[in-house]
Amino acid sequence: MSWHQELLVGFDLETTGTDVEQDRIVTAALVRLEGDGRAAAKRTWLLDPGVPIPDEAAAIHGISTAYVQEHGQSPATAVEEITEALAEALRAEIPLVVMNARYDLSLLDRECRRHGLRTLTDRLGQGPAPVIDPLVLDKHVDRYRKGKRALQALCGHYGVRLEDAHEAGADAAAAAGVARRIGEKYPAVAIPSPRALHDLQEQAAAEQAASFQAYLRRSGDPRAIVEPAWPLIPYQAGPAR
């Protein structure tokens with residue numbers, strides 16, 4: 001059977017912003033989904049990130065600084081639990097579905113470093129794999145389609161229900177649903193080996209980054225740089241954050 005007919009684990013973060021080097025995790029969810037799409041198990045975390053949640057971020061996910069200060073876990077404890085839960089899934093070769101994995105997995109990596117914890121790479125002895133990224137896959141199989149490619153847009157395009165957008169558990173399950181639909185619709189990516197699919201996406205993500213970088217440079221920003229690495233942006237040591 002192909003990967004899209006088997007067990008998947010969906011992962012999603014809601015955060016204080018969009019900068020993987022400086023922003024923090026607010027909520028996280030890990031959802032195990034059977035081959036038929038049924039949720040087999042779900043874990044969620046609410047963190048007090050230790051910094052104020054900007055109004056712009058709170059307006060998206062609906063979680064305020066006051067709420068996490070009252071109800072959130074210590075970030076170090078939660079980040080340890082989240083990272084080990086991901087490591088357990090990947091050690092078992094269960095594909096990890098992450099929408100825009102380059103962002104979520106890199107931010108988690110930086111949170112581990114911030115709190116003096118072993119990163120996901122440290123725990124696995126290699127970079128996280130196999131990872132399935134609906135954003136990378138969609139751009140690969142339908143490169144020239146116009147319109148947005150955020151999760152809500154992909155859910156609409158592929159007919160996947162998303163009832164509570166920007167709630168980490170709902171987003172994690174929806175991302176896995178989108179990945180499955182892509183696997184069902186496009187035989188070129190419905191390959192038996194999740195590891196082979198991971199390698200395909202790694203190359204596709206680099207090609208997509210190069211194409212976007214060339215576009216930006218043609219459009220008036222000759223020094224534009226678009227990160228080609230996937231699913232994890234390499235860490236560059238610098239001042240403590």
Side-chain angles (χ1 to χ4, degrees), residues 2-4 8-15 17-20 23 25 28-31 33 37 60-61 86 89-90 95-109 120 127-162 165-186 188-191 194-216 224-234:
S2 173
W3 57 268
H4 69 278
L8 299 175
V9 172
F11 176 60
D12 186 72
L13 299 177
E14 296 298 325
T15 65
T18 59
D19 184 336
V20 299
D23 282 304
I25 299 170
L30 195 67
V31 183
L33 297 143
I60 293 171
H61 51 59
L86 295 188
L90 292 175
L96 181 66
V97 182
V98 192
M99 176 71 183
N100 193 13
R102 181 185 278 130
Y103 172 75
D104 284 45
L105 295 183
S106 299
L107 194 148
L108 179 63
D109 177 270
L120 188 54
V131 174
I132 298 172
D133 188 335
L135 179 61
V136 172
L137 280 182
D138 178 63
K139 289 180 178 179
H140 177 67
V141 299
D142 200 356
R143 178 178 178 182
Y144 297 107
R145 188 180 78 249
K146 295 182 179 179
K148 296 180 178 180
R149 297 186 192 247
L151 180 59
Q152 286 177 276
L154 293 188
C155 286
H157 180 72
Y158 288 103
V160 174
R161 292 183 66 183
L162 176 56
H166 300 296
E167 189 279 318
D171 283 2
V178 169
R180 287 193 198 280
R181 293 291 173 84
I182 293 173
E184 291 167 0
K185 184 174 181 179
Y186 295 97
V189 296
I191 53 184
R195 286 276 179 170
L197 181 68
H198 180 100
D199 293 344
L200 180 154
Q201 291 170 98
E202 194 168 22
Q203 180 178 346
E207 292 170 353
Q208 291 162 15
S211 176
F212 187 43
Q213 179 175 289
Y215 167 77
L216 292 175
I225 299 292
V226 178
E227 174 59 57
W230 177 95
L232 188 65
I233 298 171

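No experiment lies behind these values; they were computed from the predicted model shown. All heavy atoms count here, side chains included; hydrogens, waters and symmetry mates do not.
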If you round to the nearest 0.5 Å, how far is [atom2] of [Y] from [atom1] of [X]?
X: Arg180; Y: Trp3; atom1: CZ; atom2: CH2; result: 8.0 Å
X: Tyr186; Y: Asp142; atom1: OH; atom2: CG; result: 4.0 Å
X: Tyr103; Y: Leu135; atom1: OH; atom2: CG; result: 14.0 Å
X: Ile60; Y: Thr15; atom1: CD1; atom2: OG1; result: 8.5 Å
X: Ile25; Y: Leu13; atom1: CD1; atom2: CG; result: 4.5 Å
X: Leu232; Y: Asp109; atom1: CG; atom2: CG; result: 5.0 Å

* Please lay out, stage by stage, how Leu96 and Leu30 fare under the test side-chain contact (heavy atoms from CB on, under 4.5 Å). => CA-CA 9 Å; Leu96 181 66; Leu30 195 67; 4.2 Å; yes
* Structure fact -> Hits for side chain to side chain donor-acceptor pair (under 3.5 Å) against Arg161, two or more places apart or cross-chain, chain-then-number order -> Glu163
* State which residues pass side chain to side chain donor-acceptor pair (under 3.5 Å) with Glu227; sequence neighbours excluded, sorted by chain then number. => none
Flag side-chain contact, heavy atom, 4.5 Å: [X] against [Y]:
X: Gln201; Y: His140; value: no
X: Leu197; Y: Val189; value: yes
X: Asp199; Y: Glu202; value: yes
X: His166; Y: Gln152; value: yes
X: Lys185; Y: Val141; value: no
X: Leu154; Y: Val160; value: no

* Verdict with supporting geometry, Asp138 and Ile182, side-chain contact (heavy atoms from CB on, under 4.5 Å) -> CA-CA 7 Å; Asp138 178 63; Ile182 293 173; 4.1 Å; yes
* Asked: Salt bridge or not for Asp133 and Arg102, using N-O below 4.0 Å?
  -> no
* Would you call the rings of His198 and Trp230 parallel, tilted or perpendicular, where under 30° means parallel and over 60° means perpendicular? -> tilted
* For the pair Ser106 (side chain) and Ile233 (backbone), establish whether a donor and an acceptor sit closer than 3.5 Å, ignoring hydrogens and angles. => yes
* Report the C-alpha separation of Glu14 and Asp171 in whole Å, then their side-chain angles, then the decisive distance to 0.1 Å, and conclude whether the side-chain contact (heavy atoms from CB on, under 4.5 Å) test is met. => CA-CA 10 Å; Glu14 296 298 325; Asp171 283 2; 3.3 Å; yes
* To do: Test side-chain contact (heavy atoms from CB on, under 4.5 Å) on Leu105 and Leu86 and set out the steps.
  => CA-CA 10 Å; Leu105 295 183; Leu86 295 188; 4.2 Å; yes
* To do: Mind checking side chain to side chain contact (heavy atoms under 4.5 Å, CB included) for Arg195 and listing every partner two or more places apart, or none if nothing turns up?
  => Glu93, Gln126, Ala129, Pro130, Ser193
